[in-house]
**Student:** 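This is the structure I have questions about; it appears just below.
What's counted below: heavy atoms across the whole structure, side chains too, no hydrogens, waters or symmetry copies. We number each residue from 1, following the sequence as shown.
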Amino acid sequence: HDGTLPAGGSKEYFDGITTPGAPSWGPIMGSAYFKDISRFSNGDYANANNYEDDLAILQSKLGYRQDDHTTIQPLVLKGTTFAATGLIETSSDTDCFSLEVPTMANLQLTAAPYVSGQ
């Protein structure tokens, strides 16, 4: 479990961190029930009681899925919309996309996170 040591008010399950103006987060093996983001942890928060790298343990047993975008990908025009998708496979992965606008124009961009089941 991901908790805190006595200096942080000893708790078996860490509730996570809420910072004004930023998404709140908590460790999956803590108590991140009402946080914006829950993620695997390696004890990278103040007064952590468990420095075990959850992702390294999972990766050693399961491996990571293959990177879907190893280079910058151009966005594809579909009707009047440019669209692309990408999955972040590891904590150091990035998926980059490019867009070329041939003339001066107003441009509205929307980035939507992956939602399971959609």
**Student:** Can you tell if the side chain of W25 reaches within under 4.5 Å of the side chain of Y45, non-hydrogen atoms only?
**Tutor:** yes

**Student:** Quick check: does any side chain N or O of D2 sit under 3.5 Å from a backbone N or O of F14, one acting as donor and the other as acceptor?
**Tutor:** no

**Student:** Do the side chains of D95 and I88 get nearer than 4.5 Å, heavy atoms only?
**Tutor:** yes

**Student:** Evaluate H1 against N50 for side-chain contact (heavy atoms from CB on, under 4.5 Å), listing each step before the verdict.
**Tutor:** CA-CA 7 Å; H1 299 116; N50 183 353; 5.9 Å; no

**Student:** Rounded to the nearest 0.5 Å, what separation is found between the OG atom of S31 and the CD atom of E12?
**Tutor:** 10.0 Å

**Student:** Provide the closest heavy-atom pair for A32 versus P27 in the form atom of the first, atom of the second, distance.
**Tutor:** CB-O, 3.7 Å

**Student:** Hydrophobic clustering (ILVMFWY, side-chain heavy atoms < 4.5 Å, transitive) - are L62 and F40 grouped together?
**Tutor:** yes

**Student:** Taking only residues two or more places apart in sequence or in another chain, which ones pass side-chain hydrogen bond (donor to acceptor under 3.5 Å, both in side chains) with Q73?
**Tutor:** T71

**Student:** What do you reckon, is CD1 of I72 surrounded by more than 12 foreign heavy atoms closer than 6.0 Å?
**Tutor:** no

**Student:** Would you say the side chain of L55 lies within less than 4.5 Å of the side chain of N42, judging by non-hydrogen atoms?
**Tutor:** no

**Student:** Give the minimum heavy-atom separation between S98 and P74, together with the two atoms involved.
**Tutor:** OG-CA, 3.4 Å

**Student:** Any side-chain donor paired with an acceptor under 3.5 Å for S24 and D36?
**Tutor:** yes

**Student:** Can you give me the closest heavy-atom contact between A84 and L75, atom names plus distance?
**Tutor:** CB-CD2, 3.2 Å

**Student:** In this structure, is the centre-to-centre distance between the rings of F97 and H69 below 6.0 Å?
**Tutor:** yes

**Student:** How long is the gap from CD1 on I28 to OG on S38, to the nearest 0.5 Å?
**Tutor:** 4.5 Å

**Student:** CD of E89 to CG of D68: how many Å apart, nearest 0.5 Å?
**Tutor:** 4.0 Å

**Student:** So, taking the atom named CG in L58 and the one named CG in D53, what distance separates them when rounded to the nearest 0.5 Å?
**Tutor:** 9.0 Å

**Student:** Under a 4.5 Å cut-off applied to non-hydrogen side-chain atoms, are T18 and K35 in contact?
**Tutor:** yes

**Student:** Regarding D44 and R39, does a basic nitrogen lie under 4.0 Å from an acidic carboxylate oxygen?
**Tutor:** yes

**Student:** If you draw a 6.0 Å radius around CZ in F34, do more than 12 non-hydrogen atoms from other residues or ligands fall strictly inside?
**Tutor:** no

**Student:** Considering only heavy atoms from C-beta outward, does the side chain of N49 approach that of T4 to under 4.5 Å?
**Tutor:** no

**Student:** Atom CG of D67 and atom OG1 of T90: how far apart are they, to the nearest 0.5 Å?
**Tutor:** 7.0 Å

